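Scroll down for the structure; my scribbles are underneath it.
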Amino acid sequence: MCEVKPNDSAPTEDGGEEKDWTAAKAFFDNLKTNKPRPPKPRYAVTIAVSSRTLFNMVAERKIYEDEGLEKYVAYQVEHEEEPLKPGAAFPFVKALMDVNCRLRKLYPDSEELFDIILMTNNHAQVGVRLINSINHYDLTIERFCMTGGKSPIGYLKAYMTNLYLSKDSDNVGEAIEEGIAAATMFTQEMDSELSTTELRVAFDGDAVLFSDESEIIVKQQGLDSFFEHEKEFENKPLAQGPLKCFLEALGKLQRKFYAKNERMNCPIRTYLVTARSAASSGARVLKTLRNWGLEIDEALFLAGAPKGPLLQKIKPHIYFDDQMFHIEGARELGTISAHVPYGIGQKYHKGKLIEQPAKEK
């Protein structure tokens with residue numbers, strides 16, 4: 001049995017340990033380095049991405065599913081000098097880093113930046129290949145959380161996460177239940193050339209930015225009842241949805257550019273892409289955003305038209321929607337999409353109720 005002996009030089013006064021911690025932290029903070037330090041979580045907009053969203057690990061996943069964990073780990077160790085290919089979240093992460101560069105030029109000492117965390121249930125043995133891949137692409141990701149097969153969700157709040165992106169829909173659903181903005185990432189089915197000067201983020205409205213209150217009326221009572229309801233409650237703000245806080249976080253960083261008279265050159269651009277009709281139900285949406293003190297750069301009201309062609313023009317780095325048939329249509333036309341499994345829309349597909357499996361008696 002290993003016995004840890006007390007250090008004779010350890011401070012005996014109350015608060016001595018706290019002083020030691022403060023001194024150690026100050027020493028670390030003063031170390032000289034050319035690499036930018038990650039910001040303190042309380043100031044940052046923290047984006048947690050899984051390894052399978054950041055990198056394309058389809059082949060590796062197949063080894064895990066077909067041959068088991070040991071073969072998977074052995075394969076990763078054997079190929080750890082071989083960089084993984086970019087995955088669905090890779091362009092989004094690169095765009096976040098570009099925004100950070102712009103922010104550092106305007107505010108050299110500010111810690112109000114994007115902080116990207118690799119949040120994965122991979123085992124630590126796989127970590128070397130992940131680190132090598134991150135360094136290969138010169139990604140600024142300094143914080144890792146590798147949980148060795150366990151769910152990483154419990155760590156999201158500790159990291160003060162503003163958005164969690166994963167390929168695992170169960171983990172995403174668990175995160176949303178914990179009140180954390182989250183989505184399941186999907187790779188587009190055809191390549192699309194994305195902006196290198198702007199971070200473009202597109203949101204659906206109901207059950208994404210807003211609650212599913214109005215969506216419930218559409219599904220259960222039809223469009224006419226929905227239009228009447230929205231007209232009656234036009235001046236009552238909608239309740240917030242699971243990604244409202246992420247839009248809020250983006251707005252915080254946008255305002256830093258506005259404060260430097262850089263509104264027209266702001267590298268963050270947000271889009272609302274909703275199936276709502278502007279004349280019949282659009283006013284409540286815009287008044288809700290105004291009530292929240294939030295801005296959206298572009299609002300597209302499609303009145304039920306397909307979203308894919310419009311998203312093909314926008315070319316967002318990420319598009320959030322709660323309904324899979326919108327996700328599927330967007331992916332087919334080259335849009336990187338993220339499914340938000342929230343609200344009544346999860347019980348429907350293309351407007352039809354999905355039959356639920358009968359419960360065993």
Side-chain angles (χ1 to χ4, degrees), residues 45-47 49 53-54 86-103 106 112-116 137 139-140 162-165 181-205 208-209 241-258 262-275 285-286 289 294-302 305-322 326-327 329-340:
V45 175
T46 301
I47 313 295
V49 296
T53 60
L54 184 59
F90 190 92
F92 177 59
V93 168
K94 288 286 285 184
L96 297 176
M97 290 172 51
D98 291 340
V99 173
N100 276 355
C101 289
R102 292 277 302 275
L103 281 166
L106 292 175
E112 290 184 286
L113 303 162
F114 289 111
D115 187 18
I116 305 149
Y137 295 109
L139 301 179
T140 308
N162 295 95
L163 177 68
Y164 171 59
L165 299 173
T184 309
M185 292 283 308
F186 291 90
T187 308
Q188 74 273 39
E189 295 183 8
M190 54 187 278
D191 289 334
S192 180
E193 191 172 334
L194 303 177
S195 173
T196 57
T197 59
E198 286 181 333
L199 164 66
R200 297 180 183 176
V201 183
F203 300 88
D204 178 34
V208 176
L209 291 180
L243 263 67
K244 181 254 188 177
C245 290
F246 179 55
L247 176 62
E248 201 167 33
L250 291 176
K252 179 182 78 169
L253 296 187
Q254 282 180 312
R255 287 191 292 275
K256 291 179 72 67
F257 289 96
Y258 302 165
E262 290 281 327
R263 179 180 284 268
M264 298 306 295
N265 297 314
C266 179
I268 303 172
R269 194 160 186 84
T270 55
Y271 302 79
L272 173 67
V273 183
T274 173
V285 162
L286 297 179
L289 291 170
L294 298 180
E295 295 184 38
I296 202 92
D297 292 302
E298 298 188 29
L300 292 83
F301 294 88
L302 304 187
K307 297 181 180 181
L310 271 295
L311 290 164
Q312 193 176 28
K313 298 295 182 184
I314 294 170
K315 292 183 171 59
H317 292 89
I318 191 166
Y319 161 61
F320 298 99
D321 203 297
D322 67 303
H326 287 312
I327 295 288
R331 288 178 63 213
E332 287 173 2
L333 295 178
T335 296
I336 301 171
S337 304
H339 179 236
V340 181

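Remember, it's a predicted structure, so these values are computed and weren't measured experimentally.
Side-chain contact between Pro91 and Ile336 is present, with heavy atoms from C-beta onward closer than 4.5 Å. Here the side chains of Ile314 and Val273 are in contact, with some heavy-atom distance below 4.5 Å. Inter-residue side-chain proximity for Cys245 and Asn162 is flagged as unmet; no heavy-atom pair is nearer than 4.5 Å. Counting heavy atoms from C-beta outward, Leu247 and Leu243 have side chains that stay 4.5 Å or more apart. Using a 4.5 Å cut-off on side-chain heavy atoms (C-beta onward), Met97 and Ile116 make contact. Within the 4.5 Å cutoff, the side chain of Leu139 has heavy atoms near those of the Leu54 side chain. Side-chain contact between Pro86 and Tyr137 is present, with heavy atoms from C-beta onward closer than 4.5 Å. Side-chain contact between Thr335 and Ser192 is absent, with no heavy-atom pair separated by less than 4.5 Å.
Residues satisfying the ring pair (Phe, Tyr, Trp, His ring centres under 6.0 Å) criterion with Phe92, sequence neighbours excluded, are absent altogether.
Going from atom CZ of Arg102 over to atom CD of Glu198 covers 9.0 Å, rounded to the nearest 0.5 Å. The distance from atom CZ of Arg269 to atom CZ of Arg200, rounded to the nearest 0.5 Å, is 8.0 Å. Taken from CD1 in Ile327 to CD in Gln188, the straight-line distance is 12.5 Å, to the nearest 0.5 Å. Residue Tyr258 holds its OH atom at 11.5 Å from CG of Asn265, rounded to the nearest 0.5 Å. Atom CD of Glu295 sits about 8.0 Å away from atom CZ of Arg255, to the nearest 0.5 Å. Here the CG-CE distance, from Leu165 to Met185, works out to 5.5 Å after rounding to the nearest 0.5 Å.
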Before giving the answer on side-chain contact (heavy atoms from CB on, under 4.5 Å), spell out for Phe114 and Leu253 the whole-Å C-alpha distance, their side-chain angles and the decisive distance to 0.1 Å.
-> CA-CA 9 Å; Phe114 289 111; Leu253 296 187; 3.5 Å; yes
Output, in order, the C-alpha distance, side-chain angles, deciding distance and verdict of side-chain contact (heavy atoms from CB on, under 4.5 Å) for Leu96 and Leu199.
-> CA-CA 7 Å; Leu96 297 176; Leu199 164 66; 3.7 Å; yes
So Val201 and Leu250, side-chain contact (heavy atoms from CB on, under 4.5 Å) or not? Walk me through it.
-> CA-CA 9 Å; Val201 183; Leu250 291 176; 4.1 Å; yes
Any chance you could lay out the side-chain contact (heavy atoms from CB on, under 4.5 Å) test for Leu103 and Lys256, step after step, and finish with the verdict?
-> CA-CA 8 Å; Leu103 281 166; Lys256 291 179 72 67; 4.1 Å; yes
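A salt bridge is defined here as a Lys NZ or Arg NE, NH1 or NH2 lying under 4.0 Å from an Asp or Glu carboxylate O, and Glu248 with Lys252 fails to meet this definition.
Val340 approaches Pro242 most closely through the heavy-atom pair CG1-CG, 3.7 Å. Here the closest non-hydrogen pair linking Pro306 and Leu310 is O-CD2, 4.5 Å. Closest non-hydrogen pair, Pro316 versus Leu311, comes out as CD-O, 3.5 Å. The minimum heavy-atom distance between Gly308 and Leu333, with the atom names listed, is C-CD1, 3.5 Å. Taking every heavy atom of both residues into account, Ala338 and Ala183 meet most closely at CB-CB, 3.6 Å. Scanning all heavy atoms of the two residues, the minimum distance from Pro267 to Thr197 falls at CB-O, 3.6 Å.
The aromatic rings of Phe320 and Phe246 stand perpendicular to each other, their planes meeting at an angle above 60°, with 30° marking the opposite boundary.
Side-chain contact, Asp115 with Thr46: no donor N or O sits under 3.5 Å from an acceptor N or O.
Of the possible donor and acceptor atoms, one in the side chain of Thr270 sits under 3.5 Å from a partner among the backbone N and O of Asp297. For Arg331 (side chain) and Ser337 (main-chain N/O), no donor-acceptor pair under 3.5 Å exists by modelled atom type. Looking only at distances, a side-chain donor or acceptor of Gln254 sits under 3.5 Å from a matching main-chain atom of Ile268.
The stretch residues 306-321 participates, sequence neighbours left out, in these salt bridge (charged side-chain N to carboxylate O under 4.0 Å, His left out) pairs: Asp204-Lys307, Lys307-Asp321.
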